[in-house]
Amino acid sequence: MRAAPTILHLDMDAFYASVEQASKPSLRGKAVIVGGLGPRGVVATASYEARRFGVHSAMPTAQARRLCPNGAYLIPRFTLYRQVSDVVMAMLRELSPLVEPLSLDEAFVDLEAGGVAFDSDSARATGERLRADIRAATGLSGSVGLAGSKMLAKVASEEAKPAGLLLIEPGTERELLAPMPVRTLPGVGPATGEHLRRAGITTVGELVEAGEDELVRMLGRAHGAGLYRMALGLDDRAVVAERDAKSVSVEDTFDVDLHDRVRIRGEVQRLADRCVARLRGSGHSGRTIVLKVRRYDFSTLTRSETLRGPTDDPAVVREAAARLLEAVDTTGGVRLLGVGVTGLADYTQEDLFAQSLAAGPEAPDAADGTGGAGGTGGAGGADPTGAAAGGAGPEAAAGATGAPEAPEPPGESQEAPERRWAAGSDVRHVLYGPGWVQGSGVGRVTVRFEQPGSEPGRVRTFRVDDPDLEPSDPLPLVGDPTG
C-alpha cells in the first residue's frame, strides 16, 4: 500500500458499444448491443441505454433481444476497437513507463514511476487531464480510479462509472469498502460468493468481522488469508509493464451443429489460418498446437501436439490441427471449434518434418485425411462470444474485422454465392459513399449512409449483389473521415 493515491486505473465506458455510437450518429443515445447475432450468440458489450433494460455482457443474445427488442444489435469490429485502444494506450504510456494493460479498454498506470503525481492533488489533476485528452482524441469517455493499490484503484474506477473520477484517500479504504458486496473483491466469483452468503457474509465489512481464521477455515489457507487482506484494503501488487502472452487462440460457435466431416475439416483449417494471423500480428511463434472441439452434448475435448521448434507457418499449423482432428470423434455433431498455439516465443524455428508433410503428394500420409495445407475454409464463423457462422464475434480475442468476407471466385460450373452483409459492418457505395449495414434478408440489404461526426444519415435498400456496394474499412472516430 502506498501513502499516496498514485496508482491509476482506467476503464473505458461500455467500450465496444460506445465506439459504435460514436461512429454511427443515428445510434447516439440509443440502446446498442454488440456481440454474436446468431441463436447461440452472446453479448460482448451493451450501452448504458441497453443496460437499463437489464442487458449485460455474457448474456445470451436471444435473452437480450427479449429484454430489449428495439435495440441495435451489431457485430463487433475489432479492427476499429484496436485502433482506438492503441490511441488510448499510447496516452497512458506518455504518463508512465509502467502501464499494465488488462484488455483493449482497461489498464493500470503507475503515476509515481512516470514522475507525474506524488500526492492526491497531482494525481487528481493527472486523472482529469487524461480523461479530457481521451475525449478529445477519440470522442469517448473513460472512468478513472486513483488509489494507493491496484485493487482499490479498480474499485474506484468502477464506482466512478460512467465518465467519472474517484480518488480514494489513504486511510479511508476500510470505510469505503465496508458496505460493498463481497463480489466487489477480486477472487470472489459466483461460487465463493454463494458460499459466503450461506454463512451470512454478504458485505466486505462482514468479511472483516468474520476474521482471518474463520475465512481460512471456510475457504482454505491461501484464499481465506488473501481475501481477508483485501477486505482490509491491503494490496501490495506492483504495476507490471509487460504481461507476456501465454497463448494465442481463436474459436467459432456455430448456429447449427456441424456433422459433415469435410466441412469440419475446412473450418479447422480456416481457424488455423486466423490463429496464425493473430500469432504473427503479436510478433510471436509457438511450439504447441491445440485443437478444441465442443460436441453436440456440450462435452469439450482438447488435443495438442508439440512441434520440434516454434513456428508461425500457416501450413505447419494447419497440418498439425488436421492431425489432431483425426483423433476426435465428431459423429454426433460439433457446436464449437477452436485452434490455438501455446509455448510462445519471439523467434521461429520451423519444424522441418511437419513442413515436409505439407510439401507435396509424395510426402508420407499427406493426403490421409489431413485436409492438406490449402484448406477450403468456409463462411466466416463466430468468435468466442458465440457469434453465428457467417458473421463475426468479439474476443475478446479473435481479431475479426466485422466486415463481410469477400466471396471466393466461383468455379466454371458454379454460381457466385450470395453476398452476406452482417448488421453493423462497414460498406461504401459508389454514389452514396460510406455507410453501415442495418440489416439484410430476402435478397436485400439496408444501409444507413452516415459517418463519424456527421448528422444521422439516410437509409437506402439495395440488392445484396449490387455491384456498386462493397465492404469497407472502418472510418476513424475523430479526424478526416475521408483519409
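If you're wondering where the values come from, they're calculated on a predicted model, not measured in any experiment. The figures that follow rest on heavy atoms only: side chains count, while hydrogens, waters and symmetry mates do not.
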Enquirer: Any carboxylate oxygen within less than 4.0 angstrom of a Lys/Arg side-chain nitrogen, looking at R270 and E267?
Expert: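 Looking at E267 together with R270, the answer is yes, because their closest N to O distance falls below 4.0 Å.
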
Enquirer: Can you classify the ring geometry of H9 versus F108 as parallel (below 30°), tilted (30 to 60°) or perpendicular (above 60°)?
Expert: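 Plane angle between 30° and 60°, so tilted.
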
Enquirer: What pairs with R237 under side-chain hydrogen bond (donor to acceptor under 3.5 Å, both in side chains), at least two apart in sequence or on another chain?
Expert: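 Listed in chain order: D235.
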
Enquirer: Given the ring of F254, does R335 sit roughly above its face, with NZ or CZ under 6.0 Å from the centre of the six-membered ring and within 45° of the axis?
Expert: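 No, cation not above the ring by the 6.0 Å, 45° rule.
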
Enquirer: Does D105 reach the side chain of Y16, with side-chain heavy atoms less than 4.5 Å apart?
Expert: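 When only atoms from C-beta onward are counted, Y16 and D105 do not touch, as no gap falls below 4.5 Å.
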
Enquirer: If we ignore angles and hydrogens, is there a donor and acceptor under 3.5 Å between the side chains of Y81 and E20?
Expert: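 Distance-only check passes for Y81 and E20.
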
Enquirer: Restricting to non-hydrogen atoms, name the atom on L80 and the atom on P474 that form the minimum distance, rounded to 0.1 Å.
Expert: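 Minimum heavy-atom contact is CB-CB, 3.8 Å.
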
Enquirer: Are there more than 12 heavy atoms of other residues, nucleotides or ligands under 6.0 Å from atom OH of Y48?
Expert: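 Yes, enclosed.
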
Enquirer: If only side-chain N and O atoms count, and only distance matters, is there a donor-acceptor pair under 3.5 Å linking R40 with T253?
Expert: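 No - no donor-acceptor pair under 3.5 Å links their side chains.
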
Enquirer: Is there a donor-acceptor contact under 3.5 Å linking the side chains of S23 and R77?
Expert: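 Indeed, the side chains of S23 and R77 share at least one donor-acceptor pair under 3.5 Å.
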
Enquirer: Taking atom types as modelled, is there a side-chain donor on D11 or S143 under 3.5 Å from an acceptor on the other?
Expert: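 The answer is no; no qualifying pair exists.
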
Enquirer: Does a donor on one side chain sit under 3.5 Å from an acceptor on the other, for W436 and E450?
Expert: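 Distance-only check passes for W436 and E450.
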
Enquirer: With no hydrogens and no angle check, just 3.5 Å: does a side-chain donor-acceptor pair link S57 and T45?
Expert: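 Side chains of S57 and T45: no pair found under 3.5 Å.
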
